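Chain letters run A, B, ... following the sequence lines, proteins first and then strands; every chain starts at 1. On a predicted model such as this, the values are computed, not experimentally measured, just so you know.
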Amino acid sequence: MPPPLLSSQKAAILSSLNDAQRRAVTSDAPTVAILAGPGSGKTHTLTSRVVWLVDHVGIRPEDVIVATFTVKAAREMKERIGKALGNGREKKIVLGNFHSIARRYLAAYGRHIGLNQKFGIADDADSRAIIKRICNRKPVQPDPAAVRAWISKKKAKGTEVDKKNARKDAAKNKGLQDLEECYQEYQSHLEKSNLLDFDDLLVKCVELLQKFPSCVSNIQTVLIDEYQDTNGIQYELMKLFAQRHKRITIVGDPDQSIYGWRSAEVKNLWRFLADFRATAEISLEENYRSFRSILDLSLLVIQQDKNRYKKMLKPIHNRGPRPVLRKLKSASAEGDWIVSEIKRVMMMSGGMLTNNDVAVLLRSASLSRHIESALGKAGVAYKMIGGFKFYDRVEIKVIIDYLRVIYQPENNDALGRIMNVPKRGIGEGTIQKLHEEARQASISVWALLSKHSRGERTAKTRIAAPMEQKIVTTLLRPLDIIRKKIGESAGPGGTPFGLVEVIEQLLSSIEFQKHMQLTYPDDHEQRWANVQELVSLAADFVRDLAQSGEDDILPEIEGLEQAKETEVLPRFLANVSLAADAQTGDKDEESKPVVTISTIHAAKGLEWPIVFVPAVYNGSIPHLRAEDNDEERRLLYVAMTRAQNLLYLSCPVFCSDGKEDGPPSRNQLSPFIEPINRAFANKGPCLDRPVMSEIAKVLGRKLPSEDDIFRELPTMFSIEDNIFPVDPEQKQTDSTNEAPRAAKRPRLSGPGHQTNGEEIPWKKEYVTTMEQSTAFTASALPGFVSASTHQARIAAEAAVNEALKAAEKAEKLKKMTASKRPLDQTSILGFVKTASSSSSSQLLPTSNKPRAATTKTGYSQFSFPRSSTSTQPKPALEPELASHKLPTGKAIINRPARPAREEEVKKKQYPAFSSSPQRAPPAEEELEDVDEEPPEPTRAAACMHTTTFTSLPHTGFNRGVKRPPGLRREGEIAPLDKLRKPFRPLTMNKGR
DNA sequence: CCAAATAAACTTTTT
DNA sequence: GTTTATTTGG
């Protein structure tokens, strides 16, 4: 009955895969663990495996569960599976992120475990508010945030709690008592309001599937994406999904585990391998994404973690330009520099690269301010992912809360928030009292008010007459009417009253537009436009629901009746809480190229040709409040490995905030970068023909002719990254002579005078004079400057290569075989055992100690301890850190069957650059830099003429950057533009 | 008891 | 800059 796969079809699937990927896709082991480094075609492999399982193995799509970690990943997965599978069969697959799948099962079968069918989802703000209230009630007021974290952790850990943990907890102080009490009260509050928080969705689903395995009796196979981010409860859920046939495929990369703070446990990988002994382990190590230089440096970062599972990254592409570590004076200068660099790249690519190809990745969303303002000032379109969400806007949250109250009158929290919005003369005190009274009477606030207004039960809380009047006419009655209409429309032959109508009637009955005007006189138009946008999002939602019909529905199971979700409103609300982000209109994406600003977390799994990672200073990454520095390092690793072609790290030297008079506080370069900072270029790379055509090759795009490119260059254009001083500290020369100018040196000593690899001092000197003139001078003497950078690069190259060679020697002895891992580290599980036995995976920077001696059996399976005992002063350049180079270089050469295209690349590359691959790097760089020179005199002249224009706002001095007017668009506003909105602070209320 | 105005503290990452 | 606690005036 499965359509026998035509051999041509089969071939088509397989031919797009490399050897390891093919093994992963076609494996018939019951459980498969795919260890997939960045850019290794993880998603492609997973989607191919789904297609394989459906089309070749013959599993019905509806018997497959694919769980991802984020909504975005789920969306993309669905799209790609859809393309590969065809016939819309992807809709039958149970596909989504864990929470939404869990919600689906609970909506269908939740009543079996006594769950109220009409449960709602308590989002972040909700649970925070609830816990806060509980804490305030307590005599000893515990910290709400801590309580919340504790509760969440407890739930996320899963039901398979280890007793030793319980014991430890019990042994601890009796603050635990309070925590437990808060937990209890919190749960009972949720229950009364008929809410489940995010963790509860998973917990309850586990409970459901434990008690009623038949719900998933149809499931043949389960696939999990981003496995390294699963937490305990998700692990259990995965096992329960697959409990019938125990066929599971997981894909993950321990190096990219960045959700430990959310109780994700890399441990789960080891747990998986221990639980399923027959697991086939497959490593995907070829990296198709990035230039080699990017991977080299990323590995130098991640390998600082001594306790990680060692894994290779085999670059497929050429070396490419060296990643940049740029120092800027301030955060706003950093933003301006990023803009200048984006523009330079765009221009030098002759339009081959657009804003869409650029991403700015941030440790925290709050860092976006300067970036946004710089982009806005320059009129560069951008969008922000992560951070502020559309649904987080006050005006939107109010509407959502109204909708929640409409759906669930017993949702006291939502009711409490909207009770006085728009103003009804009800103050904080009254609301609190009503809550309290309702709680004691064990009824909902809504019921309390309702009864009071009907005279059935007079509230003890004093409610003034005008107040009561308002409540009845503008709150109770309108919402009741809407509820009634919804109810009627649901019944047979009812008048259609859809979601959009609900919202529109709501808006008019509470006179929301008027409220906007009164409350936000400055920007009520903007906010009202946001509300309109919500309406259109709702319309889209309804349309999508009708279109994809079966979409959200679970397969029918014999002998088990599932509740059908017919109502639109609850699904919309669930979508709002779980998706946590408005679906971006696809039309918009294509029309206007926009730069992406994103948190690193939200950028996982994505890639861009050009990536900026600003603010790589201590305190930002690693973040001050981060408790796991290894995770912070992985975060940086994730950020760096998003880049395909050009990678820029940057760091403002001074904190931007401090007082004007006091000495500006200094930022310290991130400790992850500090030891290897010399491996970076100190300014943007030359973007000459060879570089650009290499990029074109990787991206599979066509590069415009050189003539075309230069014809388009504006006259005022600087082809180099020389608008900002390479060493901004030098500006500080006058009064505060903290640096006693020792670096000053005659400029003669510049080129060819590289002694100890320090940044070429002679260049600073004239750069300092005035930033405006910098561009002028530098471009007037193009050869000069380039020669110096050339020198610097060669010096840095040499340093790195020395380290690499040393590493090579050390490693050569150990492993002459072309094995992927160190010989002794045969399998992931092998690593697991040692890892857990050696140090209970308390990965701490204590790894400098000779741990090999202290640890016991099994340690020999590690490959690194030997080298780590040999202490070297510069840890970054320690041989073992660079060991990845070895296999990479060899692998490419040894590789027998590469696709024809790659073969060509190789042939072309080596003869052209160097005879010896090992020593190729400096030679390549040299070549590049020499080639970098040909700025014809005409161009230099052009630059000279125009420097006056270039010099406009680019000094690092513009403080207090005003909001860019460019983004304020009069007339119609595209949805995305609204989301953009950098100026108007989005006044989020994080729950009250 | 409510609303407006002023002073102080705060500021990861996401489902 | 922004949310929250406090004070003051209605």
(Q) If you only use heavy atoms from C-beta on, which nucleotide in B:dT11, B:dT15, B:dT13 is closest to the side chain of A:W261? (A) B:dT13
Q: Let me know the distance between NZ of A:K72 and C1' of B:dT15, rounded to the nearest Å.
A: 14 Å
Q. A:L361 has an atom CG; how far is it from atom P of B:dT14, in whole Å?
A. 12 Å
Q) Mapping A:G429 and A:E631 to their closest nucleotides on DNA chain B, which lands nearer the 5' end? A) A:G429
Q: Determine: side-chain N/O of A:S100 to OP1/OP2 of B:dT15, distance under 4.0 Å, yes or no.
A: no
Q | Pairwise side-chain contact, A:E76 with A:E79, heavy-atom cut-off 4.5 Å (strictly under) | A | no
Q. Where the side chain of A:R369 is defined as all heavy atoms beyond and including C-beta, which of C:dG1, B:dT13, B:dT15 is the nearest nucleotide?
A. C:dG1
Q: Quick one: label A:A464 by what it contacts on the DNA or RNA (base, sugar-phosphate, nothing), any heavy atom closer than 4.0 Å.
A: nothing
Q. Is there a side-chain contact between A:D628 and A:E632 (heavy atoms, below 4.5 Å)?
A. no
Q: Using the six-membered ring wherever Trp is involved, compare the ring planes of A:H601 and A:W261 and label them parallel, tilted or perpendicular (cut-offs 30° and 60°).
A: perpendicular
Q | Value in whole Å for how far the P atom of B:dT14 lies from CD1 of A:I258 | A | 9 Å
Side-chain donor-acceptor contacts of residues 463-472 of chain A below 3.5 Å, not counting sequence neighbours, with atom names and distances?
none

Q.
Does any part of the side chain of A:L269, heavy atoms only, come nearer than 4.5 Å to the side chain of A:Y235, both counted from C-beta?
A. no
Q) Should A:R404 and A:D123 count as an ion pair when the cut-off is N to O under 4.0 Å? A) yes
Show every donor-acceptor pair shorter than 3.5 Å between a side-chain atom in residues 196-204 of chain A and any protein atom, with sequence neighbours excluded, or say none if there are none.
residue, atom, partner, partner atom, Å
A:D197, OD1, A:K155, NZ, 3.3
A:D197, OD1, A:D199, N, 3.1
A:D197, OD1, A:D200, N, 2.7
A:D197, OD2, A:K155, NZ, 2.7
A:D197, OD2, A:Y186, OH, 2.8
A:D199, OD2, A:S152, OG, 2.9
A:D200, OD1, A:K155, NZ, 2.9
A:D200, OD2, A:K155, NZ, 3.3
A:D200, OD2, A:D197, N, 3.3

Q. Between B:dT15, B:dT14, B:dC1, which nucleotide gets closest to the side-chain atoms of A:A602?
A. B:dT14
Q. Using Watson-Crick and G-U wobble pairs with both distances under 3.5 Å, what is the 5'-to-3' dot-bracket string of DNA chain C, with [ ] for crossing pairs and | for pairs outside the strand?
A. .|||||||||
(Q) Going by the rule side chain to side chain donor-acceptor pair (under 3.5 Å), which residues pair with A:E627 if we only count those two or more places apart in sequence or in a different chain? (A) none
(Q) Need one value for A:Y259: base, sugar-phosphate or nothing, where a base atom within 4.0 Å counts as base even if backbone is also close, heavy atoms only. (A) sugar-phosphate
(Q) Using a 6.0 Å distance limit plus a 45 degree cone around the ring axis, check whether A:K154 lies over the aromatic ring of A:Y183. (A) no
Check nucleotides 3-9 of chain B against the protein and report each pair of N or O atoms closer than 3.5 Å, with its distance, or say if there are none.
residue, atom, partner, partner atom, Å
B:dA3, OP2, A:N420, ND2, 3.4

Q | Euclidean distance, atom CE of residue A:M419 to atom P of B:dC1 [Å, nearest integer] | A | 15 Å
**Q.** Separation of atom OH in A:Y391 from atom P in B:dT15, rounded to whole Å
**A.** 13 Å
Q) B:dT13 P sits how many Å from A:L362 CG, rounded? A) 10 Å
Q) What residues, two or more places apart in sequence or in another chain, satisfy side chain to side chain donor-acceptor pair (under 3.5 Å) together with A:Q408? A) none
Q: Whole angstrom is fine here: how far is it from NE2 in A:H99 over to C1' in B:dT14?
A: 9 Å
Q. How many Å lie between OH on A:Y520 and C1' on C:dT2, as a whole number?
A. 14 Å
